Amino acid sequence: MKNISVNKKYYLKRNQKNKSVKQIIFNIYLLTNKEMKLKMLLNISISFLSGIIDGISIGSLIPFILVLLSPESIYSSIFIKKFIPFLLSFDTYEIILIFFVFLISVNILSAFLKIFLIKYTLKLSTEIGSYFAKFAFKNIISKDLLNFRSNEHSNYINILTAQLNNTVGFINNIQFIISGLIISFLIIISTLFINLEAALISLFSFTLAYIFIALFTKKRLSILSKRILSGSQNYYKVVKESLTLFRQINLMNLNSLYGDKIYSESFNYRKQSAQSVFISRYPKFLLDASAIIIISSISLYTFNKSPNPAQTLSLMSGIALAAQKLLPNLQLVYHSWSNLVSKKMMTFNVLDNIIGYYTSDEESDKREKLNGFSKLKLNSVYFSYSSSKNYALENINLEINKGEFIGIKGRSGEGKTTLMDLMIGFLSPSKGEVIFKNELDKYCNVSLKLNEWRNIIGYVPQEIELVNTTLAGNIAINEVLDPFKKEKIVKLLEIVNLQNIYSDESQIFNKKIGEYGINLSGGQRQRVGIARSLFNNPEIIFLDEATNGLDKKTESKVISNIRANFPFLSLITISHRDSLLKLCDKIYNLENKNLVELEK
């Protein structure tokens, strides 16, 4: 369900095309549910705790080093006298041991917290990414036919696979940036108490270096983001095209040509991705070397000026530990930021689809019960595939009553399938209306009551899409088969004359039919499609050349069986075959963009 407020919906729609990283991050936050927002808050809290523990571990190193170098100094420490005076009751070795145990314990806790934080972050990103995948798919699948066809299927596949994977990475990086900044800030704060001058010089140098590198690479990363998106789409397109043209590629000996295409697009996509990875990682090595130089120089300078070398060494040990903890966090922040910028276009595409779902008026998954069906009418329907008035269909008027069998014929390209798509609701009329009457004698517009309408119709296209599962699984898609439904499937196979497809009836429920139904003939696939359309007890069925793979005798038997077993079922068929049209109650011819009833 779309549990999002009107204000949020308006905001998302207004900012849907904003491609800035900041807006994309905010849109992600708005689109997540309350539970996910709470988990994000917990992630931030864990980051704060981890930063505090890191600060404590840095602070605990200084007295430990100091007491090792100058044991007597512990008894003159103002800090110990003021905050932990009970230590003075122990001897020197016991104090060293206490500091040692504390230092080890704090660092172990720090390590475990960081491991937990990484695991928790990845798990939360996976959850959010999967949540987004669901709604990106819903938006794609609920598009009307024209919008759906306006984009290549390879792009939809790319959105739901590669681009969603990158979106999960994007969400990971958001959380890593937040945790890295929090921990870095707390480390810096703790270091300021050690030696203000040395801390400021060291930490300012590191932070400034990363800021400079970020500004230097930002434009390059933005360009790479667009190239990575384009490269990913082109790669998926050529892969899909290659697999679709399996027969042609082999028959025409185009293996090398398409192999070269795959190589070229793959190389281009991965080259851009590799450049992005390089930009995100190379600063680490420069900063590691710079850190050693800076800390060594400050240590030497402070050592030469200090009257207490032991204290200086312990303080610089704290600074060194702070740098050792800070640099990975700064690198994490930079690395995550660079990934954000390079992945932002893919994430934008995914969010664009999700926002499209949330801001649409129609809820594609809402199931409504239609109170019966008695009539379908097309009133002065016009349709154009473009905004111009060059109509593909003009002034179509048609009335179909409950239980009628209607045949539609016409030359190829006249618009028969377009007419059927209008009746089903895959397309909306440019002018006029497609309406249906329910048992309460109330007319409803198909476009306005689309889910209610589709809940009572069946549709059988010429090419039947089957999946590599059992025959029963292809008829009762996603249904749990109880004994009653199994019995129903056996009955439907009798109706479509497929009862003898297997020698053993159990194979209907446990034998796979192969990818795309490769183990079935064309006529058998069509009859499986018809059985599928009847499974949910529709009140009206649309057959688009759905029996052209059958011989006339089988076709006649299947239609007769349907009419005998479903006497109140309305059938609308598109066909060129006179043998099928003779079985219809009414026949219409589509010519010159209009529909004319023929005498039987």
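If you're wondering where the values come from, they're calculated on a predicted model, not measured in any experiment.
Proximity of Phe566 to Ile541: side-chain heavy atoms (C-beta onward) are nowhere separated by under 4.5 Å. Inter-residue side-chain proximity for Lys491 and Asn565 is flagged as met; some heavy-atom pair is nearer than 4.5 Å. Side-chain atoms of Leu581 and Leu598, non-hydrogen and from C-beta on, never get closer than 4.5 Å to each other. Looking only at side-chain heavy atoms (C-beta outward), Arg525 and Glu463 stay at 4.5 Å or farther from each other. For the pair Asp352/Lys17, a side-chain contact is recorded, criterion being any heavy-atom separation below 4.5 Å from C-beta on. In this structure, the side chains of Ile396 and Leu422 stay at 4.5 Å or more apart for every pair of heavy atoms. Within the 4.5 Å cutoff, side-chain heavy atoms of Val350 are placed close to those of Ile159. Looking at heavy atoms from C-beta onward, Ile559 lies in side-chain contact with Leu543 at the 4.5 angstrom threshold.
Between Thr126 atom OG1 and Asn172 atom CG the span is 6.5 Å, to the nearest 0.5 Å. Once rounded to the nearest 0.5 Å, the distance linking CD1 of Ile587 with CZ of Phe405 reads 9.5 Å. Considering CD of Glu494 and CG of Asn500, their distance stands at 9.0 Å, rounded to 0.5 Å. A distance of 10.5 Å separates NZ of Lys240 from CG of Asn155, quoted to the nearest 0.5 Å. Rounding to the nearest 0.5 Å gives a distance of 7.5 Å between CD1 of Ile464 and CD1 of Ile530. Within the model, atoms NZ of Lys344 and CG of Leu229 stand 11.5 Å from one another, a figure rounded to the nearest 0.5 Å.
Atom OH of Tyr263 sits in a sparse spot, with 12 or fewer heavy atoms from other residues, nucleotides or ligands closer than 6.0 Å. In this structure, Glu597 places its CD atom where more than 12 heavy-atom neighbours from other residues, nucleotides or ligands lie under 6.0 Å away. No more than 12 heavy atoms of other residues, nucleotides or ligands lie within 6.0 Å of NZ in Lys557, so this atom counts as exposed by the packing criterion. The neighbour count for Arg563 CZ, taken as heavy atoms of other residues, nucleotides or ligands under 6.0 Å away, is above 12. For Phe137, the CZ atom is loosely surrounded, since the number of other residues' heavy atoms within 6.0 Å does not exceed 12. The environment of CD in Gln499 is crowded: more than 12 heavy-atom neighbours from other residues, nucleotides or ligands sit within 6.0 Å. No more than 12 heavy-atom neighbours from other residues, nucleotides or ligands sit within 6.0 angstrom of NZ on Lys409. The environment of Gln507 atom CD is dense: over 12 non-hydrogen atoms of other residues, nucleotides or ligands sit within 6.0 angstrom.
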Stepwise, does the side-chain contact (heavy atoms from CB on, under 4.5 Å) test hold for Ile408 with Met423? CA-CA 13 Å; Ile408 299 173; Met423 288 189 278; 4.1 Å; yes

Evaluate side-chain contact (heavy atoms from CB on, under 4.5 Å) for Val490 paired with Phe509, printing each intermediate quantity in order. CA-CA 10 Å; Val490 172; Phe509 305 98; 4.0 Å; yes

Run the salt bridge (charged side-chain N to carboxylate O under 4.0 Å, His left out) check on Lys402 and Glu539 step by step: do they pass? CA-CA 8 Å; Lys402 189 178 184 70; Glu539 299 200 41; 2.7 Å; yes

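Distance alone, capped at 3.5 Å, places no donor-acceptor pair between the Arg527 side chain and the Ile495 backbone. Here the side chain of Lys37 pairs a donor or acceptor atom with the backbone of Tyr29 at under 3.5 angstrom. Counting only distance, with no hydrogens or angles, the side chain of Ser232 and the backbone of Ile228 share no donor-acceptor pair below 3.5 Å. Judged purely by atom type and a 3.5 angstrom limit, Asn592 has no side-chain atom pairing as donor or acceptor with the backbone of Asn594. Between the side chain of Trp453 and the main chain of Ser447, no donor-acceptor pair closer than 3.5 Å is present. One N or O on the side chain of Arg532 and one on the backbone of Asn474 form a donor-acceptor pair closer than 3.5 Å. Side-chain atoms of Asn166 come within 3.5 Å of backbone atoms of Ala162 as a donor-acceptor pair (strictly under, hydrogens ignored). In this structure, Gln524 contributes its side chain and Ser521 its backbone to a donor-acceptor pair below 3.5 Å. A side-chain donor-acceptor contact under 3.5 Å links Thr167 to the backbone of Gln163. Within the 3.5 Å criterion, the main-chain N or O of Asn401 finds a donor-acceptor partner in the side chain of Glu404.
Contact between Val168 and Gly129 at its shortest, heavy atoms only, is CG2-CA, 3.6 Å. A pairwise comparison of heavy atoms in Tyr11 and Asn27 identifies CE2-OD1, 4.1 Å as the closest pair. Considering every non-hydrogen atom in both Val238 and Ser242, the closest pair reads O-OG, 2.6 Å. Residue Leu569 comes nearest to Leu571 through the heavy atom pair O-CD1, 3.5 Å, listed as atom of the first residue, atom of the second, then distance. The heavy-atom pair separating Ile572 from Met420 by the smallest distance is O-CE, 3.7 Å. Pairing each heavy atom of Gln16 with each of Phe348, the nearest pair is O-CE1, 3.1 Å.
Annotation: cation-pi geometry not satisfied between Lys593 and Tyr391 (NZ/CZ under 6.0 angstrom from ring centroid, within 45° of ring axis).
Residue pairs meeting the salt bridge (Lys or Arg N to Asp or Glu O under 4.0 Å) criterion with at least one member in residues 224-238, sequence neighbours excluded, are Glu152-Lys237. Evaluation of the side chain to side chain donor-acceptor pair (under 3.5 Å) test over residues 415-426, restricted to residues two or more places apart or in two chains, returns Tyr385-Thr418, Thr417-Asp544.
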Name every donor-acceptor pair, under 3.5 Å, that has one atom in a side chain of residues 548-555 and the other anywhere in the protein, sequence neighbours excluded.
from, atom 1, to, atom 2, distance (Å)
Asn548, OD1, Gln526, NE2, 2.7
Asp551, OD1, Lys553, N, 3.1
Asp551, OD1, Thr554, N, 2.8
Asp551, OD1, Thr554, OG1, 3.0
Asp551, OD2, Thr554, OG1, 2.9
Glu555, OE1, Ser579, OG, 3.1
Glu555, OE2, Thr547, OG1, 2.6

Table please: side-chain donor-acceptor pairs of residues 375-383 below 3.5 Å, with sequence neighbours left out.
from, atom 1, to, atom 2, distance (Å)
Lys375, NZ, Glu399, OE2, 3.2
Asn379, ND2, Glu433, OE2, 3.3

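In this view, Ser506 and Asp504, Asn510 satisfy the side chain to side chain contact (heavy atoms under 4.5 Å, CB included) rule, not counting sequence neighbours. In this structure, Tyr258 has no ring-ring contact (aromatic ring centres under 6.0 Å, His included) partners at least two apart in sequence or on a different chain.
Note: Tyr235 and Tyr269 have parallel aromatic rings, judged against thresholds of 30 and 60 degrees for the angle between ring planes. The aromatic rings of Phe135 and Tyr131 sit perpendicular to each other, their planes meeting at more than 60°, with 30° as the lower class boundary.
With ring centers used as reference points, Phe170 lies 6.0 Å or more from Phe132.
When Lys39, Lys123, Met40 are each tested for a side-chain contact (heavy atoms from CB on, under 4.5 Å) with Ile128, only one passes: Met40. Partner of Ile475 under the side-chain contact (heavy atoms from CB on, under 4.5 Å) criterion, out of Val496, Val528, Leu534: Val528 alone.
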